[in-house]
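Counting starts at 1 for both ligands and their atoms, following the listed order. Here the structure is a predicted model, which is why all the values come from computation and not from measurement. Positions are given from 1 along the sequence.
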Amino acid sequence: MSDLTIELTAPNGRKYSQPRGLFINNEFVASKSGETLSTVNPSDEKEICTVYAAGPEDVDIAVAAARKAFKDPTWRDMDSTQRGDLMFKFASLIDEHKETLATIETWDNGKPYQIALNHDVAGVVDCIKYYAGYANKIHGQVINTNPTKLAYVVREPVGVCGQIIPWNFPLAMAAWKIGPAICTGNTIVIKAAEQTPLSILYLATLIEKAGFPPGVINIINGYGRTAGAALAQHLDVDKIAFTGSTATGKEIMKMAAINMKNITLETGGKSPNIVFDDCDLDQAVKWSHIGIMYNQGQVCTATSRILVQEGIYDKFIELFKEQVAKASVVGDPFKDNTFQGPQVTKAQFDRVLSYIDAGKSAGANLVAGGEAFKDVGGKGFFIAPTIFTGVKDDMKIYREEVFGPFVVISSFKTEEEAIRRANDTTYGLGAALFTENIAKAHRVARLIESGMVWINSSNDSDTRVPFGGVKQSGIGRECGEAGLEAYTNKKAIHVNLGTKL
Ligand code: NAD
């Protein structure tokens, strides 16, 4: 057998063939340099396997394949219903392989298997189906002008799209990028995060099976500074879509300027969660827990700053602490009752611990967690769910994105103060608010500077609804009809029906 596939047995006993190559032109190939990267199981710190890592020369090959496919009439002129059919077939195949995909996701990323299966992979199927349905509904426009002119607008694909995704939702982030790009007729080169390369390579095996022509969807692994940067700077890439940290997003913007690429960015957040004293407290506590602790706290929209109105502050903390103790079951992600697995890598584990130290040294009040969680066989990147209260607005732990099971709570007096402090951040991704007063809920929602607001819930994302941020949380939207905007250009055509010079 070639070294492009390896037979693996996952910790849950599932045996499967793991591709290791770069997926270009519907084939797995080695990187030109032979360079590989290693991926580690965050639950036991052991290497799972290595995969080929793309360098700039491999990016050139992948981009050339995507360009060729983009120009090829097989794809360019494909009937839009047929394009949708390919996507529906792809979604069905993902559904058929969902247990293997969820297994790989859990093994490589550390997220609980039940969540990987029922949220991540189920969400991927949903997303691909949703955009498959759009393939034959991309409409242009006729604009009324005068009798001697026909003016119409056609929506055309942007071209070759470079897509760079993070490690927190490897398959879901791939789907959010593949879905809108493909239904609108683009071709893509997608680079997975070096921390979680495996599930997307398995997904690649389903692309040819679904019937996509070679070069339409190319998938590469590789490091950000080599493969990612080569893609962002490539002169033959028309668009770059990125999800990841704000710092990297800014670098991508600079690199994309080289040929003025169309860009969309989904970056970081420090999303507020305002709990008013007239809320349903039991529900506020449960949603606030999900809002920060879901996915090991590794969610860009995590509502990581809880602001509680002073009259219910003590009660909220008592109930929230109880909820975390009860619901945040930390442990082996393959166990059915596990809510929280390990952080994705040693680097992320160390990062969260460093914020715990920062909170302690700043004099914030640690009421839960505050250390590594060691009861999972002494191995793995597990963190005890951590709550700091009495946190001041100028503390590092209040201002910076931690990306872990780590929350800061402080109190406020008035609605005006809550809004002002919620907006006192360079970020603007999500915001939750809890109140039973409908007028107040909508009033506050309008005044919050963010791309998304949840009233009486948190982190409730939906393929059909636009997702994205304002301020330094991003540019553009993914999901919903809005997600199509970034993947089409509007071409205006003026037809002279009789104007003579
Ligand atoms: P990152 O932004 O560095 O990586 C995200 C993706 O960008 C990866 O595919 C990476 O390979 C690529 N990349 C990195 N540097 C690049 C470059 N110079 N040019 C092109 N591509 C590049 O994120 P990270 O280092 O994995 O995580 C660091 C922090 O980012 C986290 O602690 C968290 O705060 C944040 N983060 C946010 C999200 C999100 O969804 N908003 C996701 C992951 C991480």
For atom 24 (P) of ligand 1, the closest protein heavy atom turns out to be Trp167 NE1, 3.7 Å
Any ion pair linking Arg421 and Asp424 (charged N to carboxylate O, less than 4.0 Å)? no
May I ask you to check whether Phe339 and His289 place their ring centres under 6.0 Å from each other? yes
Under 4.0 angstrom from ligand 1, any heavy atom of Phe242? yes
One finds that the ligand 1 atoms under 4.0 Å from a non-hydrogen atom of Lys191 are 9 (O), 10 (C), 11 (O)
Show me which atoms of ligand 1 lie under 4.0 Å from any heavy atom of Gln195. 26 (O)
What are the atoms of ligand 1, with element, lying closer than 4.0 Å to any heavy atom of Ile252? 20 (C), 21 (N)
Using a strict 4.0 Å cut-off to heavy atoms of Asn168, name the atoms of ligand 1 that fall inside it. 40 (O), 42 (C)
Any idea which protein heavy atom is nearest atom 10 (C) of ligand 1, and the distance to it? Glu194 OE1, 3.5 Å
Report yes if the side chains of Val407 and Asn273 come closer than 4.5 Å at any heavy-atom pair, otherwise no. no
Residue of the set Ile448, Val453, Thr425, Leu429 for which side chain to side chain contact (heavy atoms under 4.5 Å, CB included) holds with Ser271: Leu429
Note the single closest protein heavy atom to atom 33 (C) of ligand 1, along with its residue, its atom name and the distance in Å. Phe403 CG, 3.4 Å
Would you say the side chain of Asn109 lies within less than 4.5 Å of the side chain of Phe169, judging by non-hydrogen atoms? no
How does Val299 reach ligand 1, if at all, at less than 4.0 Å between non-hydrogen atoms: by side chain, backbone, both, or neither? neither
Judged on heavy-atom distance to atom 23 (O) of ligand 1, which of Ala302, Pro197, Ala247, Ser245 sits nearest? Ser245
If we set the cut-off at 4.0 Å for heavy atoms, which region of Ala232 has an atom near ligand 1: side chain, backbone, both, or neither? neither
Test item: Asn459 side-chain N/O and Gly291 main-chain N/O as donor-acceptor pair under 3.5 Å: yes
With the side chain counted from C-beta on, respond yes when Lys250 and Leu265 share a heavy-atom pair under 4.5 Å apart, and no when they do not. no
Could you tell me the residue and atom name of the protein heavy atom closest to atom 39 (C) of ligand 1, and the distance to it rounded to 0.1 Å? Cys300 CB, 3.4 Å
Which is closest to atom 5 (C) of ligand 1 by heavy-atom distance: Ile164, Val402, Thr243? Thr243
Output yes when a protein non-hydrogen atom is found under 4.0 Å of atom 2 (O) of ligand 1, and no otherwise. yes
Should Met255 be listed as contacting ligand 1, given a heavy-atom distance under 4.0 Å as the test? yes
Could you tell me whether the side chain of Glu194 reaches within less than 4.5 Å of the side chain of Asn221, counting heavy atoms only? no
What atoms of ligand 1 come within less than 4.0 Å of a heavy atom belonging to Gly228? 19 (N), 20 (C), 21 (N)
Should you measure from each heavy atom of Glu401, which atoms of ligand 1 turn up under 4.0 Å away? 33 (C), 34 (O), 35 (C)
Which of the atoms in ligand 1, numbered in the order shown and given with their element, are less than 4.0 Å from a heavy-atom of Arg225? 18 (N)
Just which atoms of ligand 1 are under 4.0 Å from any heavy atom in Ala193? 9 (O)
Arg464/Asp126 ion pair, N-O < 4.0 Å: no
Using salt bridge (charged side-chain N to carboxylate O under 4.0 Å, His left out) as the criterion, list what pairs up with Asp236, not counting sequence neighbours. Arg67
Should Asp350 and Lys346 count as an ion pair when the cut-off is N to O under 4.0 Å? yes
Is there side-chain contact between Phe388 and Lys360, with at least one heavy-atom pair below 4.5 Å? yes
Side-chain contact, heavy-atom cut-off 4.5 Å: Tyr427 with Cys300? no
Within the 4.5 Å heavy-atom criterion, are Leu484 and Cys183 side-chain neighbours or not? yes
Nearest non-hydrogen contact with atom 6 (C) of ligand 1 belongs to which option: Thr345, Ile165, Thr248? Ile165
What residue and atom, counting heavy atoms only, is the protein's closest point to atom 22 (C) of ligand 1, and at what distance? Gly224 CA, 3.4 Å
Per-residue contact class, Gln348 against ligand 1 - non-hydrogen pairs under 4.0 Å: side chain
Checking heavy atoms under 4.0 Å, the part of Leu231 that sits near ligand 1 is neither
Answer yes or no: is there a side-chain heavy-atom contact under 4.5 Å between Thr303 and Trp454? yes
For atom 18 (N) of ligand 1, grab the closest protein heavy atom and report residue, atom and distance to one decimal in Å. Glu251 OE1, 3.5 Å
Closest approach of any protein heavy atom to atom 42 (C) of ligand 1, naming residue and atom: Pro166 CB, 3.3 Å
